[in-house]
Undergrad: 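Input: one structure, supplied below.
What you see below is based on every heavy atom in this structure, not just the backbone, and it leaves out hydrogens, waters and symmetry mates. Every chain is numbered from 1, with letters handed out A, B, ... down the list of sequences.
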Number of protein chains: 2
Amino acid sequence: MNERNPTLRERQREETRRAIQTCAVRLFTDRGYDRVTVAEIAEAAGVSSMTVYRHFPTKEDLVLVEQPVRHIAELVASSPASFPLVRRVGSALVDAATALTRREVDEPAAGERFLLDCLRLMIATPALRARHLDSQYAMQQAIVEALGEDAADQDDAFLARAAISACLAAMHMALTRWAEDDGRTPLPDLITRALTASFGDTAVVRRPGS
Amino acid sequence: MNERNPTLRERQREETRRAIQTCAVRLFTDRGYDRVTVAEIAEAAGVSSMTVYRHFPTKEDLVLVEQPVRHIAELVASSPASFPLVRRVGSALVDAATALTRREVDEPAAGERFLLDCLRLMIATPALRARHLDSQYAMQQAIVEALGEDAADQDDAFLARAAISACLAAMHMALTRWAEDDGRTPLPDLITRALTASFGDTAVVRRPGS
DNA sequence: ACCTACATGTTAGTGACTAACATTTGGGGG
DNA sequence: CCCCCAAATGTTAGTCACTAACATGTAGGT
């Protein structure tokens with residue numbers, strides 16, 4: 001009863017979740033992450049503090065953007081193994097960013113504004129920035145796992161982890177730049193350029209339209 | 001009165017600082033970071049909780065390894081500007097790691113064991129890992145600043161940041177591998193291999209003895 | 001119309017961290 | 001040698017993120 005057929009309870013739950021997160025990001029943007037208490041967020045959203053924690057495990061999770069970890073890992077794993085690893089990961093990241101941005105084009109960019117607000121908070125707040133960087137570490141783990149390399153030689157896995165982490169670090173800077181630029185430059189382009197600046201032409205396939 | 005001529009008060013202060021940190025890392029290693037309270041650390045070190053906070057701003061700082069940020073930034077800035085950026089950063093990281101490891105060889109590796117303990121805690125504890133990753137973000141900022149590129153075109157600075165972050169991410173994996181391997185493989189070698197796996201031969205000068 | 005399970009509220013507690021004030025003690029000046 | 005200042009530490013009271021336990025109300029199927 002949860003496949004494309006949300007019951008009333010599920011709709012209500014999702015509604016309060018959205019209300020909490022929206023209030024939180026607005027308050028954080030107005031007064032700064034550290035100067036807003038969870039109790040204030042709860043009050044603004046018309047719920048109790050406990051309900052906030054039932055929807056978001058920590059205060060930081062109110063802002064963290066959930067990345068399509070599994071999707072990206074599968075993209076990498078399904079790419080031709082003959083390509084250099086940085087290109088396989090780079091292409092997956094560009095594709096994921098393209099999909100993410102295209103989704104926003106249909107709507108009147110309401111979701112994109114929210115995403116940009118979250119990213120700006122993440123850049124400005126040390127605690128959030130740290131959490132986000134660690135989530136990329138988790139993505140690296142997922143990609144290595146999807147590649148099935150960690151069962152093989154521990155040393156190969158190490159080199160793969162290094163290359164993947166480097167790619168993700170470059171993408172993180174692209175995300176940062178995207179937010180600082182207020183989303184004016186297309187995110188896939190920024191990622192492509194960040195990867196090229198780091199890895200040269202091995203990273204991405206040169207496309208004519210760029 | 002603090003240049004190579006520590007007064008009694010300064011020696012005592014340094015002594016309590018060391019005692020606190022030593023007790024903390026031992027307790028963390030024994031029972032896990034989350035299962036040790038600051039009050040327990042203070043008691044084990046024979047001081048009050050407040051004194052712990054006077055020496056270490058947060059509980060996390062008890063474990064975080066202070067990296068020679070300024071030194072590395074200067075190393076990068078003083079390297080030939082004609083080299084690709086990843087090589088400039090990579091060489092600086094390898095040199096810094098060499099210096100760090102050589103220092104340990106003279107002593108009976110007591111400092112190295114402590115460093116390895118800290119790194120292991122950092123790898124195992126999400127909060128510490130996140131903080132450490134963010135400290136690399138700070139190092140990236142310092143390097144860009146030392147290069148003086150952030151006054152120039154904002155777009156060049158973005159590409160530089162991406163490349164530097166990628167290098168640091170590769171080094172982070174080398175650090176992780178070093179700790180997992182219990183320091184058996186020389187750290188500079190691990191960094192060199194991580195950089196080569198990510199960036200190819202542009203990253204480091206090929207040395208005959210490697 | 002009942003019954004169960006889920007979403008939420010309430011309360012009491014832990015632990016990291018801060019601010020303010022009190023106390024000791026090292027170190028320089030008389 | 002004593003005295004005074006300042007640095008280091010202790011003490012206390014408080015804020016806030018987060019958890020556990022129990023209570024309540026309501027949706028959704030029987």
Side-chain angles (χ1 to χ4, degrees), chain A residues 1-25 27-28 31-64 121 125-131 134, chain B residues 1-25 27-28 31-64 121 125-131 134:
Chain A
M1 61 180 73
N2 50 11
E3 306 286 342
R4 283 288 150 200
N5 185 15
T7 174
L8 172 57
R9 259 221 274 262
E10 287 170 18
R11 267 184 286 125
Q12 280 178 339
R13 181 175 169 81
E14 194 55 34
E15 175 59 31
T16 62
R17 187 194 148 89
R18 256 182 46 81
I20 291 169
Q21 195 170 28
T22 305
C23 289
V25 171
L27 287 174
F28 291 157
R31 318 213 311 257
Y33 179 80
D34 301 312
R35 313 193 68 144
V36 179
T37 71
V38 173
E40 288 171 328
I41 297 166
E43 194 185 349
V47 296
S48 79
S49 304
M50 200 54 218
T51 301
V52 176
Y53 288 113
R54 290 229 173 77
H55 286 269
F56 301 90
T58 75
K59 186 184 174 187
E60 295 164 356
D61 288 285
L62 286 161
V63 183
L64 291 183
L121 283 168
T125 311
L128 296 174
R129 199 175 48 214
R131 273 287 306 259
D134 193 55
Chain B
M1 60 180 72
N2 51 11
E3 306 285 342
R4 284 286 149 204
N5 185 17
T7 176
L8 173 57
R9 257 221 276 262
E10 288 170 15
R11 266 184 286 123
Q12 280 178 339
R13 181 176 169 80
E14 194 55 33
E15 175 58 31
T16 60
R17 186 193 148 90
R18 256 182 47 82
I20 291 168
Q21 194 170 30
T22 305
C23 289
V25 171
L27 287 173
F28 290 156
R31 318 213 312 256
Y33 179 80
D34 301 312
R35 314 193 69 145
V36 179
T37 71
V38 173
E40 288 170 329
I41 297 166
E43 193 185 351
V47 296
S48 79
S49 303
M50 201 53 221
T51 300
V52 176
Y53 288 114
R54 291 228 172 78
H55 285 269
F56 301 90
T58 75
K59 185 184 176 188
E60 294 164 357
D61 288 283
L62 286 161
V63 184
L64 291 184
L121 282 168
T125 313
L128 297 174
R129 199 174 49 214
R131 275 285 309 257
D134 192 54

Undergrad: Measure across B:A44 and B:C23 and return the closest heavy-atom pair with its distance rounded to 0.1 Å.
TA: O-SG, 3.7 Å
Undergrad: Please state how far atom CG in B:L62 lies from atom P in C:dA16, giving the value in whole angstrom units.
TA: 10 Å
Undergrad: At under 4.0 Å between heavy atoms, which parts of nucleotides 2-14 of chain D does protein reach? Answer with one letter per nucleotide, 5' to 3': B base, S sugar-phosphate only, - none.
TA: -----SSBBB---
Undergrad: Take the protein atom NZ of A:K59 and the nucleotide atom P of C:dA16, then report the distance between them rounded to whole Å.
TA: 18 Å
Undergrad: What are the residues of residues 37-45 of chain A, sorted by number, that bring a heavy atom to within less than 4.0 Å of DNA chain D?
TA: A:T37, A:V38
Undergrad: Does the side-chain contact (heavy atoms from CB on, under 4.5 Å) test come out yes or no for B:L64 and B:F56, once each step is laid out?
TA: CA-CA 10 Å; B:L64 291 184; B:F56 301 90; over 6 Å; no
Undergrad: Looking at B:L27 and B:V36, what are the two nearest heavy atoms and their distance?
TA: O-CG2, 3.6 Å
Undergrad: Quick one: A:Y53 OH to C:dG9 P, roughly how many Å, whole number?
TA: 14 Å
Undergrad: Output the rounded distance in Å from CZ (B:R35) to P (C:dG15).
TA: 11 Å
Undergrad: Applying side-chain hydrogen bond (donor to acceptor under 3.5 Å, both in side chains), can you list everything that pairs with B:T51, at least two apart in sequence or on another chain?
TA: B:S48
Undergrad: Under 4.0 Å, heavy atoms only, any strand: does A:V52 hit a base, just the sugar-phosphate, or nothing?
TA: nothing
Undergrad: What pairs of residues pass the salt bridge (Lys or Arg N to Asp or Glu O under 4.0 Å) test when at least one of them lies in residues 31-48 of chain B, not counting sequence neighbours?
TA: B:R31-B:E40
Undergrad: Once you round it to whole Å, what is the distance between P of C:dA5 and CG of A:L8?
TA: 19 Å
Undergrad: Mind checking what makes side-chain contact (heavy atoms from CB on, under 4.5 Å) contact with B:A127, not counting sequence neighbours?
TA: B:E60
Undergrad: Between A:I20 (CD1) and C:dA7 (C1'), how many Å, whole number?
TA: 11 Å
Undergrad: C:dA7 P sits how many Å from A:F56 CZ, rounded?
TA: 14 Å
Undergrad: Grab the two heavy atoms, one from A:V52 and one from A:A42, that are nearest each other, plus how far apart they are.
TA: CG2-CB, 3.8 Å
Undergrad: Restricting to side-chain hydrogen bond (donor to acceptor under 3.5 Å, both in side chains), what partner residues turn up for B:T58, sequence neighbours left out?
TA: B:D61
Undergrad: Decide yes or no on side-chain contact (heavy atoms from CB on, under 4.5 Å) for B:L62 and B:F28, but give the supporting numbers first.
TA: CA-CA 10 Å; B:L62 286 161; B:F28 290 156; 4.3 Å; yes
Undergrad: Can you check the B:R131 CZ to C:dC17 C1' distance for me, whole Å?
TA: 13 Å
